[in-house]
Trainee: 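First the structure, then my questions, so here it is.
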Amino acid sequence: MPDLRPVLKPASARDPLKNVRALRNALLRWFDQRPTDYPWRQTTDPYAILVSEIMLQQTTVAAVIQNRRFERFLETFPDLETLAAAPEPELLRAWEGLGYYNRVRNIQKAARAVLSEHSGEFPPDPEALAALPGIGRYTAGAVASFAFGRAVPIVDANIARVLSRLFDFHEPVDQAAAQSQLWSWAESLLSSRSPRAFNSALMELGQSHCSVRSPDCRQ
């Protein structure tokens, strides 16, 4: 695991949980001034958001952006019905170059479950989303937050890194106890008024400034 200790972090004058409103407002103002215009941020369609989240799980943003992989996939399979009915060779061909092909198989399984169990409508509840094939807690929270505006926390690698440094947390983030703590902090900090923007902002901060090897904490 990478060293997440805040080596160059300036001394903090505020406790994040005691000043949670100030933290939310500052982070949302920062994000509002400089959000990266990714194509999946231009939609609230739960199907498109599910595709983007699973596509990004084990593939870098740059690799997904390259050659418009996200857009091209949706052009091939624009809705649940076309994806659910796709023969596997066609499915894998659309995913070619992204690797970890079980991911696209799981998207198809989830599409079929939404059609058969939810009359073709994604459930907005994160627990119902997590019950779909191949969807875990993070992906369920992302779809609930980004598609439906639900006040649901999410913790991916970027957010785990931000929270570990913010709270000066030194435990290995892949351990169950550490994950429980990180999710608890994410829930405590979450803005219930702007969950989509807040979760996006935390991720953006991890990608742009709170990087693995060269965090730019002062900036």
Trainee: Please lay out, stage by stage, how Gln181 and Phe167 fare under the test side-chain contact (heavy atoms from CB on, under 4.5 Å).
Mentor: CA-CA 11 Å; Gln181 179 63 80; Phe167 287 95; over 6 Å; no
Trainee: Do the side chains of Leu205 and Phe31 get nearer than 4.5 Å, heavy atoms only?
Mentor: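 Side chain of Phe31 against side chain of Leu205, heavy atoms only: no contact under 4.5 Å found.
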Trainee: Any side-chain heavy atom of Phe77 within less than 4.5 Å of one from Leu91?
Mentor: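 Result yes, sub-4.5 Å side-chain heavy-atom pair found.
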Trainee: Nearest 0.5 Å, what's the CG-CD1 distance between Leu56 and Ile65?
Mentor: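 Leu56 atom CG to Ile65 atom CD1 measures 8.0 Å (nearest 0.5 Å).
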Trainee: Mind checking the CZ-CG spacing from Phe198 to Leu189? Nearest 0.5 Å is all I need.
Mentor: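 Taking CZ in Phe198 and CG in Leu189, the distance rounds to 5.0 Å.
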Trainee: Describe, in one word, how the ring planes of Phe73 and Trp95 are oriented to each other, choosing from parallel (under 30°), tilted (30 to 60°) and perpendicular (over 60°).
Mentor: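 Taking Trp95 first and then Phe73, their aromatic rings stand perpendicular (interplane angle over 60°).
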Trainee: Can you give me the closest heavy-atom contact between Val143 and Pro46, atom names plus distance?
Mentor: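 Smallest heavy-atom distance, with atoms named: CG1-CB, 4.0 Å.
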Trainee: Quick one: pull up CG in Leu50 and CZ in Phe122 and give me the separation to the nearest 0.5 Å.
Mentor: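 Reported value, rounded in 0.5 Å steps: 5.0 Å.
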Trainee: Ion pair present between Arg41 and Glu204, side-chain N to carboxylate O less than 4.0 angstrom?
Mentor: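 Here Arg41 pairs with Glu204 in a salt bridge, since their nearest N and O are under 4.0 Å apart.
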Trainee: Taking all heavy atoms of Ile159 and all of Leu202, pick out the closest pair and write down the distance.
Mentor: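 Taking Ile159 first and Leu202 second, the nearest heavy atoms are CG1-CB, 3.8 Å.
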Trainee: Are any of the side-chain nitrogens in Arg105 or Glu88 under 4.0 Å away from the carboxylate oxygens of its partner?
Mentor: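 Yes, Arg105 and Glu88 are salt-bridged.
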Trainee: State, yes or no, whether a side-chain contact exists between Pro153 and Leu190 at a heavy-atom distance under 4.5 Å.
Mentor: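 Heavy-atom side-chain distance check passes, below 4.5 Å.
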Trainee: Identify the two heavy atoms, one from Met203 and one from Asp156, that lie closest to each other, and give their separation to 0.1 Å.
Mentor: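 Heavy atoms only, the tightest pair is CE-OD2, 3.4 Å.
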Trainee: With a 4.5 Å cut-off on side-chain heavy atoms, are Gln58 and Arg103 touching?
Mentor: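 They are in contact (side-chain heavy atoms under 4.5 Å apart), so the answer is yes.
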Trainee: Once rounded to the nearest 0.5 Å, what's the spacing between atom CZ of Arg112 and atom CD1 of Ile107?
Mentor: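 Between atom CZ of Arg112 and atom CD1 of Ile107 there are 12.5 Å.
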Trainee: Could you tell me the separation between the CZ atom of Arg193 and the CG atom of Leu28, rounded to the nearest 0.5 Å?
Mentor: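 Spacing of CZ (Arg193) from CG (Leu28) equals 11.0 Å.
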Trainee: What are the two closest heavy atoms between Pro195 and Ser145, and how far apart are they?
Mentor: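 Reported closest heavy-atom pair: O-OG, 3.5 Å.
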Trainee: Is any side-chain heavy atom of Tyr100 less than 4.5 Å from a side-chain heavy atom of Gln57?
Mentor: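 Contact flag for Tyr100/Gln57 side chains = no.
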Trainee: Do Val155 and Tyr138 touch side chain to side chain, with heavy atoms closer than 4.5 Å?
Mentor: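 The answer is no, as the side chains (C-beta and beyond) never meet within the 4.5 Å cut-off.
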Trainee: How close do Pro124 and Leu129 get, counting heavy atoms only, and between which atoms?
Mentor: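 Looking at all heavy atoms of both residues, the shortest contact is O-CD1, 4.1 Å.
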Trainee: Write down the atom of Arg165, the atom of Pro215, and the distance for their closest heavy-atom approach.
Mentor: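 The pair with the smallest heavy-atom distance is NH1-CB, 3.7 Å.
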Trainee: Any side-chain heavy atom of Leu23 within less than 4.5 Å of one from Leu166?
Mentor: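 The answer is yes, as the side chains (C-beta and beyond) meet within the 4.5 Å cut-off.
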Trainee: Any side-chain heavy-atom pair from Leu98 and Arg69 closer than 4.5 angstrom?
Mentor: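 Yes, close enough: below the 4.5 Å cut-off.
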Trainee: How long is the gap from CD on Glu187 to CD1 on Ile154, to the nearest 0.5 Å?
Mentor: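 Here the rounded value is 13.0 Å.
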Trainee: Just checking, any donor-acceptor pair under 3.5 angstrom between side chains of Arg161 and Asn158?
Mentor: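 Per modelled atom types, Arg161 and Asn158 side chains form a pair under 3.5 Å.
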